[in-house]
2 protein chains.
Amino acid sequence: MLKMSRLTDYAAVVMAQIARHPEQPHAATELAEAVQLPHPTVSKTLKMLVRAGLLESQRGAQGGYRLARSASQITASDIITAIEGPVAMTECSHADGECELVATCGVADNWQRVSMAVRTLLDSVTLAHLAQTTPIKLPVQLPIQTVTLAASSDL
Amino acid sequence: MLKMSRLTDYAAVVMAQIARHPEQPHAATELAEAVQLPHPTVSKTLKMLVRAGLLESQRGAQGGYRLARSASQITASDIITAIEGPVAMTECSHADGECELVATCGVADNWQRVSMAVRTLLDSVTLAHLAQTTPIKLPVQLPIQTVTLAASSDL
DNA sequence: TTATACAGGACTAAAATGGTCCCCAATCGA
DNA sequence: TCGATTGGGGACCATTTTAGTCCTGTATAA
């Protein structure tokens with residue numbers, strides 16, 4: 001599946017919700033309701049986003065969460081990283097070299113490159129994109145295809 | 001992490017190993033040894049790859065596994081799909097519409113598009129790429145960046 | 001000073017994952 | 001035709017990860 005965790009999904013939804021009304025702070029309870037998810041879970045997600053520096057929180061009455069920077073400066077990559085840790089397709093592709101099979105593996109380098117390409121792609125998708133209700137237009141077919149075919153001829 | 005499962009990783013390594021010697025069939029035992037992984041696990045992986053149509057198997061003495069088509073016609077996407085099912089970043093992004101939160105979610109469409117872009121990227125990486133020992137050159141910085149920035153201006 | 005709201009972390013239940021094993025079926029060659 | 005070789009299918013278990021809940025503490029505004 002190569003799937004994001006469900007919490008990451010929640011995080012994106014909640015972030016998008018905040019991004020649509022960036023002025024006021026949003027209480028966890030309010031967000032949970034808006035998004036129709038259990039409060040404790042939403043709360044947990046919000047805490048993670050704060051720790052990652054994507055949200056700022058304000059305690060006390062009239063407090064809540066707001067974006068730490070503008071929606072166009074927060075990327076899909078940021079959100080995923082906040083919840084799941086760095087985007088990497090294989091164990092070994094984010095260094096710390098804990099894999100003793102490197103010798104027989106023979107594909108590590110290449111996966112790293114693929115990971116990096118995916119990360120770059122996710123870096124280019126911003127929260128502003130995600131938050132808008134009209135679907136974003138990513139270059140699904142031609143452009144990326146072209147680019148990477150060009151790359152293969154470069155091998 | 002957005003990580004592939006470990007089995008997928010194994011699958012890629014094993015496929016690469018086969019791709020480097022496409023003529024003879026390779027027995028599971030031989031592959032397990034070459035790749036330094038436990039035989040039952042490798043065997044399981046191979047079975048999945050056969051079921052997905054990426055490998056062909058031959059029973060009996062002198063039997064083994066070989067590629068069902070040439071290495072340049074097998075993609076990273078194929079391998080991942082064989083082990084983990086279709087590449088999709090969110091539960092809902094591969095249809096079957098089992099998510100009752102669509103109404104409040106508001107980001108589903110956009111994640112679908114992102115998924116599709118990732119899939120396209122993975123489609124463009126072939127087993128031939130993965131198998132070669134000199135690292136492949138994917139357009140890590142400029143090209144994709146350019147493409148997707150172009151896309152955002154298109155919003 | 002009190003009600004509101006976040007912070008941190010312990011804890012549990014459920015699900016996914018990784019890994020092993022066993023018995024059966026096909027094939028080759030002596 | 002028999003036996004050795006090699007894959008096929010699936011059951012099974014242990015472990016880890018994930019999701020979700022809850023409790024206790026702390027900051028802040030009115």
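A, B, ... follow the sequence lines: proteins, then strands. Residue 1 opens every chain. Note that this is a predicted model, so its numbers are computed, not measured.
Note on A/Tyr10: every side-chain N or O is 4.0 Å or more away from OP1 and OP2 of D/dA19. An OP1 or OP2 oxygen of C/dA7 is reached within less than 4.0 angstrom by a side-chain nitrogen or oxygen of A/Tyr65. Regarding contacts with the backbone of D/dA4, every side-chain N or O of B/Gln62 stays at 4.0 angstrom or more from both OP1 and OP2. Contact between the side-chain N/O atoms of B/Ser5 and the OP1/OP2 oxygens of C/dG18 is found at a separation under 4.0 Å.
The separation between A/Lys3 atom NZ and C/dT17 atom C1' is 13 Å, rounded to whole Å. In this entry the distance linking CG of B/Leu7 with C1' of C/dG19 reads 9 Å, nearest Å. Here C/dA5 presents its P atom at 19 Å from CD of A/Glu56, a figure rounded to the nearest Å. As a whole-Å value, the separation of A/His39 NE2 from D/dA19 P is 19 Å. Straight-line distance from the CG atom of B/Leu2 to the P atom of D/dT18: 12 Å, rounded to whole Å.
When the nearest nucleotides of DNA chain C are assigned to B/Thr41 and A/Arg51 by heavy-atom distance, the more 5′-ward of the two goes with A/Arg51.
In this structure, A/Leu46 reaches neither bases nor backbone, as no heavy-atom distance under 4.0 Å exists between it and the strands shown.
Summarising the geometry of A/Thr90 relative to B/Met4, their closest heavy-atom pair is CG2-CE, 3.3 Å, with the distance given to 0.1 Å.
Residue side chain B/Lys47 does not reach the base of D/dG7 through any donor-acceptor N/O pair under 3.5 Å, judged by distance alone. For a distance-only test at 3.5 Å, the side chain of B/Arg59 qualifies as a donor-acceptor partner of the base of C/dA25.
Side-chain proximity of A/Val50 to the nucleotides D/dG20, C/dA7, D/dG10 is greatest for C/dA7. When each of D/dA29, D/dG20, C/dA7 is scored by its nearest atom to the side-chain atoms of A/Ser57, the top-ranked nucleotide is C/dA7. Between C/dG19, D/dT21, D/dG9, one nucleotide has an atom nearer to the side chain of B/Arg6 than all others, and that is C/dG19. Checking D/dT21, C/dT27, C/dG18 against every side-chain atom of B/Lys44, the shortest atom distance belongs to C/dG18. Each of D/dT5, C/dT17, D/dG20 was ranked by its minimum atom distance to the side chain of B/Ala61; first place goes to D/dT5.
Atom-to-atom distance recorded for A/Leu7:CG and A/Glu84:CD is 8.5 Å, nearest 0.5 angstrom. Rounded to the nearest 0.5 angstrom, A/Thr126 OG1 and A/Ile74 CD1 are separated by 9.0 Å. With rounding to the nearest 0.5 Å, the separation of CG in B/Leu49 from OH in B/Tyr65 is 9.0 Å. Rounding to the nearest 0.5 angstrom, the gap separating the CD1 atom in A/Ile83 from the OG atom in A/Ser5 is 7.0 Å. Taken from CD1 in B/Ile18 to CD in B/Glu30, the straight-line distance is 8.5 Å, to the nearest 0.5 Å.
At least one donor-acceptor pair under 3.5 Å links the side chain of B/Arg119 to the backbone N or O of B/Val87. A donor-acceptor pair under 3.5 Å is formed between the side chain of A/Ser115 and the backbone N or O of A/Met89.
Axis angle, first five pairs versus last five pairs of the helix from C/dT1-D/dA30 to C/dA30-D/dT1: 20°, rounded to 10°.
A heavy atom lying under 4.0 Å from DNA chain C marks the following residues of residues 15-38 of chain A, by number: A/His26, A/Ala27, A/Ala28.
The shortest side-chain heavy-atom distance between B/Ile79 and B/Met15 falls under the 4.5 Å cut-off.
Between B/Ser77 and B/Asp123, the side chains place a donor N or O and an acceptor N or O closer than 3.5 Å (distance only, hydrogens not considered).
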